[in-house]
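Note on naming: letters A, B, ... go to the chains in the order of the sequence lines (proteins, then strands), and numbering restarts at 1 for each one.
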Protein chains: 2
Amino acid sequence: MDEVSYLAGYDPRRYPAVAVTVDVVALTIRDGKLCVLLVERGTQPYAGQRALPGGFVKNETLDEAALREFAEETGLTPGQGELGRVHLEQLKTYGDPDRDPRMRVISVAYLAFAPRLPEPTAGTDAARAYWVPVDEAKDLAFDHDDVLADGLERARDKLEYTPLATAFTDPEFTISELRHVYAAVWGEELHAGNFHRKVLSVPGFVEGTGRTTARGGDRGGPRAKLYQAGDARLLHPALLRPTREDRVR
Amino acid sequence: MDEVSYLAGYDPRRYPAVAVTVDVVALTIRDGKLCVLLVERGTQPYAGQRALPGGFVKNETLDEAALREFAEETGLTPGQGELGRVHLEQLKTYGDPDRDPRMRVISVAYLAFAPRLPEPTAGTDAARAYWVPVDEAKDLAFDHDDVLADGLERARDKLEYTPLATAFTDPEFTISELRHVYAAVWGEELHAGNFHRKVLSVPGFVEGTGRTTARGGDRGGPRAKLYQAGDARLLHPALLRPTREDRVR
DNA sequence: CGAATAGTGTCTGTGAGACAGTATGTT
DNA sequence: AACATACTGTCTCACAGACACTATTCG
């Protein structure tokens with residue numbers, strides 16, 4: 001029976017209550033490591049454990065709910081500055097009947113790619129959230145280990161065929177910085193020379209600004225040219241990560 | 001605030017009711033055309049219009065709800081025969097506040113790839129569902145036009161890097177039949193010779209059965225070898241569809 | 001026989017990856 | 001001076017796509 005004919009004679013109050021939340025897998029890169037935003041739980045169940053930030057969906061779209069939660073936890077002001085550069089996309093919905101011990105909770109998970117942000121300030125609502133390297137983010141509350149794993153997989157895939165790596169950088173970046181983003185997300189080093197040529201050869205991925213860095217690297221080397229994100233929304237050809245035969249079967 | 005601390009002191013009956021449904025974009029190929037399963041709506045709103053099959057989530061996982069809805073509308077018996085060959089995956093969740101005029105409805109959409117199925121029998125519950133070529137499926141109820149469009153996009157992408165085209169065929173198929181699946185989903189003809197060689201060169205995509213068709217094609221030609229799906233879960237290298245520059249920007 | 005199809009051989013252009021090499025910075 | 005880094009050149013192999021060709025079977 002489709003939702004509609006069903007709803008016609010439906011009194012929602014007679015059915016077991018269902019709650020809908022959004023949870024956000026917010027990723028950024030700090031000190032060359034891929035990090036995820038977590039909050040500490042204060043109440044039961046899972047008190048003291050860490051969880052993904054999230055909350056109830058109010059009278060708003062799902063996308064708006066996710067953006068609002070992200071802004072609240074990071075302390076950023078909606079519709080302003082850094083928040084505008086955050087990429088948010090829907091990831092997957094989790095709804096196993098027993099994923100929350102108290103009642104049926106359907107959670108729409110979102111994936112966020114954020115540039116390096118100021119540490120959430122103490123004293124604000126955002127104080128309880130902090131960035132954790134993804135390989136230290138284990139034993140999360142509820143099914144959030146699964147949600148995080150799905151988010152990481154999606155993020156790694158997206159770097160291959162979209163220019164979203166630039167969402168992790170400053171507006172102006174060097175090819176080397178971009179390579180470090182890929183290395184952090186994929187967890188493996190990339191050949192500097194080939195990566196450089198490849199990035200420049202993909203139409204619309206990056207465009208030069210004419211500027212260069214003020215000085216060379218900490219340990220020497222020439223000043224690097226600065227680039228900004230181009231207008232491509234898909235990379236063509238894609239930047240395939242080194243083939244892992246075990247990903248195939 | 002995360003979902004959890006919120007829920008601790010939460011009485012769901014005090015909040016506006018939210019309903020959660022699943023809707024299914026079920027695709028199959030009939031007469032060489034990609035078709036989607038639709039139902040005719042009997043009640044307001046959108047009475048008389050067509051919609052994707054769907055319904056309320058009961059005390060079950062979301063995946064189970066989607067499979068149940070699909071089985072109900074097609075008349076297939078759960079856990080049996082043809083139903084076991086259907087591929088089901090979560091597509092996306094739709095939850096705009098006004099997508100249903102009566103109340104807040106969050107819909108988790110699923111995508112199904114089905115082999116050619118018997119036409120739903122009259123006299124059963126499945127009688128009101130029928131297969132419609134996707135290019136004739138317009139003006140659907142609610143936001144189902146968007147859902148269908150998202151499902152088609154996902155299906156076209158999935159054929160590139162997974163062996164899911166075999167989910168549209170009989171268990172044993174010819175390379176030519178497989179090519180017609182790609183042609184139907186992508187909406188363009190493929191070079192027969194190159195496609196043939198490409199499919200056989202991808203490890204684990206198909207494996208020969210040693211058998212051949214009983215007779216050649218209707219209009220001549222040798223008997224074709226029969227293949228079955230291999231054990232690959234990802235195609236490597238992928239079967240990229242002809243490049244469309246406008247997909248990139 | 002004529003036509004359509006299954007399947008293979010071959011050539012060409014593109015791109016990925018390995019490697020080397022040059023120029024320009026740093027400590 | 002020693003070394004790291006930015007960036008470019010070159011070679012090789014894999015693969016996509018165009019095209020040609022043979023063999024088989026149907027009407």
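- Taking atom CG of B/Leu235 as the reference point, atom P of D/dA16 lies 11 Å away to the nearest angstrom.
- More than 12 heavy atoms of other residues, nucleotides or ligands shown are found within 6.0 angstrom of CD on A/Glu188.
- If you take NZ of B/Lys198 and P of D/dG17, they are 8 Å apart, rounded to a whole angstrom.
- The pair B/Glu64-B/Arg68 does not count as a salt bridge, with every side-chain nitrogen at least 4.0 angstrom from each carboxylate oxygen.
- Comparing A/Arg215 and A/Ser201 against DNA chain C, the residue whose closest nucleotide sits nearer the 5' end is A/Ser201.
- Remark: P of C/dA18 and CG of A/Leu190 are 10 Å apart, rounded to the nearest angstrom.
- With a 6.0 Å radius and a threshold of 12 heavy atoms from other residues, nucleotides or ligands, A/Glu207 has its CD atom above the threshold.
- At a threshold of 4.0 Å, the pair A/Arg179-A/Glu189 does not count as salt-bridged, since none of the basic side-chain nitrogens sits closer than that to a carboxylate oxygen.
- Put simply, the residue from A/Leu37, A/Val185, A/Val36 that forms a side chain to side chain contact (heavy atoms under 4.5 Å, CB included) with A/Leu27 is A/Val36.
- To the nearest angstrom, P of C/dT5 lies 11 Å from CD of B/Glu189.
- In this structure, NE2 of B/His191 is placed 13 Å from C1' of C/dA6, rounded to the nearest angstrom.
- For DNA chain C, the residues of residues 173-186 of chain B within the heavy-atom distance limit of 4.0 Å (strictly under) are B/Ser176, B/Arg179, sorted by number.
- Nearest-nucleotide assignment on DNA chain D puts the 5′-proximal partner with A/Ala192, out of B/Asp218 and A/Ala192.
- Annotation for A/Asp31: atom CG does not count as buried by contact number, only 12 or fewer foreign heavy atoms lying within 6.0 Å.
- Nearer to the 5' terminus of DNA chain C, by closest-nucleotide assignment, is the contact made by B/Lys225 (compared with the other of B/Lys225 and A/Gly216).
- Atom CZ of A/Arg241 is separated from atom P of C/dG17 by 13 Å (rounded to the nearest Å).
- An OP1 or OP2 oxygen of C/dG7 is reached within less than 4.0 angstrom by a side-chain nitrogen or oxygen of B/His196.
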Short N/O separations, protein against nucleotides 10-13 of chain C, under 3.5 angstrom:
| residue | atom | partner | partner atom | Å |
| --- | --- | --- | --- | --- |
| C/dT10 | O4 | B/Arg197 | NH2 | 3.3 |

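- Other residues, nucleotides and ligands contribute only 12 or fewer heavy atoms inside 6.0 Å of the CG atom of A/Asp218.
- If you check every strand for non-hydrogen atoms under 4.0 Å, A/Gly217 touches sugar and phosphate atoms only.
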Quiz prompt | Residues A/Asp23, A/Tyr94; criterion side-chain hydrogen bond (donor to acceptor under 3.5 Å, both in side chains); working and verdict | solution = CA-CA 10 Å; A/Asp23 289 314; A/Tyr94 300 82; over 6 Å; no
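- For B/Pro222, whose side chain is taken as the heavy atoms from C-beta onward, the closest listed nucleotide among D/dT25, D/dC26, D/dT5 is D/dT25.
- Applying the 4.0 Å criterion to OP1 and OP2 of D/dT5, one finds that A/Arg219 has a side-chain N or O inside that range.
- In this structure, B/Asp145 does not pair ionically with B/Arg50, as no charged nitrogen and carboxylate oxygen lie closer than 4.0 Å.
- Between the side chain of B/Arg233 and the main chain of B/Thr162, no donor-acceptor pair closer than 3.5 Å is present.
- Taking the side chain of A/Arg223 as heavy atoms from C-beta on, and the options D/dT8, D/dT5, C/dG25, the nearest nucleotide is C/dG25.
- Between the P atom of D/dC15 and the CG atom of B/Leu239 lies a distance of 12 Å, rounded to the nearest Å.
- Residue contacts for B/Ala214: at a heavy-atom cut-off of 4.0 Å it reaches no nucleic acid atom on any strand shown.
- Of the candidates C/dA6, C/dC19, C/dG15, C/dA6 carries the atom nearest the B/Ala224 side chain, counting heavy atoms from C-beta on.
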